[in-house]
Amino acid sequence: SSDLGGISVVLYTETEEDFVYGDREMIVEMFINLLNNSREAILRGEKGEGEIQIRVWTESMLCCVSILDNGEGMDKSTMRNLYAPFFTTKKTFQNWGIGMSQIRKTVESHQGSIDVDTKVGKYKELQIALPLDL
């Protein structure tokens, strides 16, 4: 467990010795983007106490990662456009709206899958599954 500027980050791991085959830099960048998205969603949600839960486990020859935050969640319009290049809900010139598009591209280029569950004003959970390197 760790603290990220008032946001607690909790890590649950059910695996320690498993590896994913792929481009290390792309995968690290993907998880940095996902965690940053969660942090920003919590800050925009203005709930006070934010939490990001990260859970890692293996299942059916896959490494599975869940990132759950209690931020603002996503509405139907955002969900429809989630992976569209240059779509963004952020109001800054520093954000080009390519984060989720790039994340999906990284997952697919590693023969993985990504799934999203969300409820407006409550939470967002992203689950990523990548093949294990055996």
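Along the sequence shown, the residues carry numbers beginning at 1.
Leu11 and Trp57 are assigned to two separate hydrophobic clusters, defined by single-linkage of ILVMFWY side chains at heavy-atom distances under 4.5 Å. No single ILVMFWY cluster, assembled from side-chain heavy atoms under 4.5 Å apart, contains both Met26 and Leu126. Under the 4.5 Å side-chain contact rule for hydrophobic residues, Phe31 and Tyr21 do not share a cluster.
A distance of 10.5 Å separates CG in Asp69 from CD1 in Ile54, rounded to the nearest 0.5 Å. Taking CZ of Arg55 as the reference point, atom CD1 of Ile67 lies at 12.5 Å (rounded to 0.5 Å). Between Thr15 atom OG1 and Glu59 atom CD the span is 12.5 Å, to the nearest 0.5 Å. Here the straight-line distance linking atom CD1 of Ile27 with atom OG of Ser109 works out to 8.0 Å at 0.5 Å rounding.
Counting all heavy atoms, side chain and backbone alike, Glu51 lies closest to Ile7 at N-CG2, 4.1 Å. Looking at every heavy atom in both residues, Gln53 comes nearest to Tyr12 through OE1-CE1, 4.0 Å. Taking all atoms of both residues into account, the shortest heavy-atom contact from Val56 to Cys63 is CG1-SG, 4.1 Å. The two residues Leu62 and Ala129 have their closest heavy-atom pair at CD1-CB, 4.0 Å. Here the shortest heavy-atom pairing between Val20 and Pro131 reads CG1-O, 3.6 Å. Scanning all heavy atoms of the two residues, the minimum distance from Ser38 to Ile52 falls at CB-CD1, 3.7 Å.
Checked options Val28, Leu35, Leu34; the residue passing with Ile32 is Val28 (criterion: side-chain contact (heavy atoms from CB on, under 4.5 Å)).
Residues Met30 and Ile128 have side chains in contact (heavy-atom distance under 4.5 Å, counting atoms from C-beta outward). His110 places a side-chain heavy atom less than 4.5 Å from the side chain of Asp23.
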Side chain to side chain donor-acceptor pair (under 3.5 Å) between Ser66 and Glu125, worked out: CA-CA 7 Å; Ser66 164; Glu125 180 179 19; 2.6 Å; yes
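Chaining together hydrophobic side chains whose heavy atoms lie under 4.5 Å apart leaves Val120 on its own. The hydrophobic side chain of Phe19 is isolated, with no ILVMFWY side chain under 4.5 Å apart from it.
Panel note: side chain Asn70, backbone Glu49; a donor-acceptor pair is recorded below 3.5 Å. With hydrogens and angles disregarded, a donor-acceptor distance shorter than 3.5 Å links the side chain of Thr118 to the backbone of Tyr123.
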